[in-house]
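Within every chain, numbering begins at 1; the chains are lettered A, B, ... in the order of the sequence lines, protein sequences first and strands thereafter.
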There are 2 protein chains.
Amino acid sequence: MEHKMVSIADQIFDELEKAILTGEYERGDILTEIKLSEKMGVSRTPIREALRRLDQERIIENTATGAKVIGITDKDIADIYDIRLRIEGMASFLAAQRRSDEDLQRLKGILDLQEFYTKKDDPDQIKNYDSEFHLALYQICQCPTLLDTLEPLHRKVIKFRKVSVAHPGRAAKSFAEHKAIYDAIAAGDAINAEKLTCEHISNARKSILGE
Amino acid sequence: MEHKMVSIADQIFDELEKAILTGEYERGDILTEIKLSEKMGVSRTPIREALRRLDQERIIENTATGAKVIGITDKDIADIYDIRLRIEGMASFLAAQRRSDEDLQRLKGILDLQEFYTKKDDPDQIKNYDSEFHLALYQICQCPTLLDTLEPLHRKVIKFRKVSVAHPGRAAKSFAEHKAIYDAIAAGDAINAEKLTCEHISNARKSILGE
DNA sequence: ATATGTACATTTGTATACATATATACAAAT
DNA sequence: ATTTGTATATATGTATACAAATGTACATAT
């Protein structure tokens, strides 16, 4: 029995991260531990922990007088894609070499759900399973450093305010690209998995940044 | 007057990170907040904050029963170099395009000190200014995401236990490579700066991992 | 008018008390 | 013998009290 405990601090972190990345707070806003603790009905301690994590991700900047919201810009998103373009293929390459049968089943399950919701045209769930596919790859490649590097970058993108305003037809293309990557990984074709992933990231970048 | 405060939590973080990465604690060791606070003579609060940051860097793993030391392996170092090989060139590329005159002066100052201590054969200072050169590049490229991505990777390498056991003659070569990168950046030759940086990372990787 | 010093309000930094979760040992039931 | 339940020790999770630092407003000197 080892259910991972979800602490208040974790919830506060998710909540604040989302609020900032979706633009609910604007760049320059000052968040103070006291006001947040009153607003959210918890003590300063979990608030503080959440703010520290947000600071480490450069989403806010902690100062002696309060936490200044930094947020995320279009340039940041572009930078993230430039970086992912260079290393996410490495994850797929390794995943193709190292994936177990259980890994493949898991990936397939995610892919099936992405297809289901794509046909059903459910943007939230599409986004959810699109994201799950990438996160699964980060784990399957069995490179903790790559996981730790890519995961926060990815999280920023999926919580970015404009992510739902994707081009029409992008969902179907994205699924097709994931399917192709999956096939390459299932076949153990590392080189192709890497190439397809680079192309996928490149296409996703164009879509989210509006060409 | 805005001297950045160095909190106890910051010091504890540095101390623990170094202790773990140099092998003072072994993988599997359990660190408890209470024992650490007694040992270090501070309360649990800053200890706790440091442990949270170490967890976020996957140097330890926080559990309900204590923090388990994960540490860093040769494979992790290899992975870090594989990743840096793919993105650190991007930093140099951008730095070459964006560097100001002040940036160049700063880089040159670091380079001169690296040369000085290389001739003096002072391993600690060589390592220090070698590191400073890279960190400066991360800042000069004006890409916060790249900085945040590369900085923790770099820090793990420089605190790694074997980093001082470099090949003889590596120090002089490393300086020469930095000089070449600097020249390319000073000349605004982004493509060459990127290429030279990739080669430099590749050489450093071979050196630290013993070919 | 400008600069400087100082009190004050507000914030974060730290310590500590209390609440809750987890693992372990061990007794009891099967 | 194995499983199950429970008491207990010990850890983290959270709340709160207090210390230290920072910025602002305002009085004062030049």
Side-chain angles (χ1 to χ4, degrees), chain A residues 1-20 24-71 148 152 155, chain B residues 1-20 24-71 148:
Chain A
M1 188 77 84
E2 23 186 316
H3 251 264
K4 188 68 165 278
M5 157 124 193
V6 178
S7 66
I8 295 177
D10 292 335
Q11 299 174 42
I12 299 289
F13 172 79
D14 281 337
E15 200 168 332
L16 283 178
E17 187 191 41
K18 188 172 182 181
I20 294 171
E24 194 169 323
Y25 291 107
E26 287 184 11
R27 180 181 180 84
D29 285 355
I30 301 293
L31 304 178
T32 66
E33 296 174 4
I34 297 173
K35 285 175 187 165
L36 287 174
S37 73
E38 288 169 355
K39 182 177 178 183
M40 297 179 146
V42 299
S43 80
R44 275 179 57 205
T45 307
I47 297 285
R48 190 178 173 75
E49 183 176 323
L51 290 180
R52 285 310 160 70
R53 290 175 61 188
L54 292 170
D55 180 81
Q56 199 154 337
E57 294 197 355
R58 204 187 286 272
I59 290 172
I60 65 171
E61 183 183 1
N62 284 322
T63 72
T65 153
K68 190 193 298 178
V69 172
I70 295 181
D148 295 337
R155 216 180 42 244
Chain B
M1 185 76 89
E2 22 185 317
H3 252 265
K4 188 70 165 279
M5 159 125 192
V6 178
S7 65
I8 295 178
D10 292 336
Q11 299 174 43
I12 299 288
F13 172 78
D14 281 337
E15 200 168 331
L16 284 178
E17 187 191 42
K18 189 172 181 182
I20 293 171
E24 194 168 323
Y25 291 108
E26 289 184 8
R27 181 182 180 81
D29 285 354
I30 301 293
L31 305 178
T32 66
E33 296 174 4
I34 297 172
K35 286 175 187 167
L36 286 173
S37 73
E38 288 170 354
K39 182 178 177 182
M40 296 178 147
V42 299
S43 79
R44 275 178 58 206
T45 307
I47 298 284
R48 188 179 174 76
E49 183 176 324
L51 290 180
R52 278 343 212 304
R53 291 176 59 187
L54 292 170
D55 181 82
Q56 199 155 338
E57 294 197 355
R58 203 187 288 271
I59 289 172
I60 65 172
E61 183 184 357
N62 285 321
T63 72
T65 154
K68 190 192 297 180
V69 172
I70 295 182
D148 294 338

Measure [atom1]/[X] against [atom2]/[N] and give the value in whole Å, please.
{"X": "B/K68", "N": "D/dT12", "atom1": "NZ", "atom2": "P", "answer": "14 Å"}
{"X": "B/I34", "N": "D/dG13", "atom1": "CD1", "atom2": "P", "answer": "12 Å"}
{"X": "B/E61", "N": "D/dT12", "atom1": "CD", "atom2": "C1'", "answer": "15 Å"}
{"X": "B/E33", "N": "C/dA21", "atom1": "CD", "atom2": "P", "answer": "17 Å"}
{"X": "A/I60", "N": "C/dT12", "atom1": "CD1", "atom2": "C1'", "answer": "12 Å"}
{"X": "B/D10", "N": "C/dT14", "atom1": "CG", "atom2": "P", "answer": "8 Å"}
{"X": "A/E49", "N": "C/dT14", "atom1": "CD", "atom2": "C1'", "answer": "16 Å"}
{"X": "B/R44", "N": "D/dT10", "atom1": "CZ", "atom2": "P", "answer": "15 Å"}

Nucleotide nearest [X] when distance is taken to its side chain, options [options]:
{"X": "B/A9", "options": "C/dG13, C/dA17, C/dT14", "value": "C/dT14"}
{"X": "A/P46", "options": "D/dT12, D/dA15, C/dT14", "value": "D/dA15"}
{"X": "A/T65", "options": "D/dG13, D/dG23, C/dG13", "value": "D/dG23"}
{"X": "B/K35", "options": "D/dA11, C/dT14, D/dG13", "value": "D/dA11"}
{"X": "B/R52", "options": "C/dT11, C/dT14, D/dG13", "value": "D/dG13"}
{"X": "B/T32", "options": "D/dA11, C/dT12, C/dA17", "value": "D/dA11"}

Subject >> Chi angles and distances behind the side-chain contact (heavy atoms from CB on, under 4.5 Å) call for B/D29, B/I20 >> reply: CA-CA 10 Å; B/D29 285 354; B/I20 293 171; over 6 Å; no

Examine [N]: is either OP1 or OP2 under 4.0 Å from a nitrogen or oxygen in the side chain of [X]? Give yes or no.
{"X": "A/R48", "N": "D/dT16", "answer": "no"}
{"X": "B/S43", "N": "C/dA15", "answer": "yes"}
{"X": "B/T45", "N": "C/dT14", "answer": "no"}

Ignoring hydrogens and angles, tell me if any N or O in the side chain of [X] forms a donor-acceptor pair with the backbone of [Y] under 3.5 Å.
{"X": "B/D14", "Y": "B/Q11", "result": "no"}
{"X": "B/R27", "Y": "B/I70", "result": "yes"}
{"X": "A/N62", "Y": "A/D55", "result": "no"}

Taking any heavy-atom pair under 4.0 Å as a contact, classify [X]: base, sugar-phosphate, or nothing.
{"X": "A/T63", "value": "sugar-phosphate"}
{"X": "A/L31", "value": "sugar-phosphate"}
{"X": "A/I8", "value": "sugar-phosphate"}

Subject >> Any side-chain heavy-atom pair of A/E26 and A/V69 under 4.5 Å >> reply: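 Answer no - side chains too far apart.
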
How many angstroms lie between [atom1] in [X] and [atom2] in [Y], if you round to the nearest 0.5 Å?
{"X": "A/L16", "Y": "A/K18", "atom1": "CG", "atom2": "NZ", "value": "12.5 Å"}
{"X": "A/L54", "Y": "A/I59", "atom1": "CG", "atom2": "CD1", "value": "5.5 Å"}
{"X": "B/R53", "Y": "A/R52", "atom1": "CZ", "atom2": "CZ", "value": "8.5 Å"}

Original post:
How do A/A64 and B/A64 order along DNA chain D: which one's closest nucleotide is nearer the 5' end?
Top reply: B/A64

Original post:
Pairs counted as Watson-Crick or G-U wobble with both distances under 3.5 Å: what dot-bracket string results for DNA chain C, using | for bases tied to another strand?
Top reply: ||||||||||||||||||||||||||||||

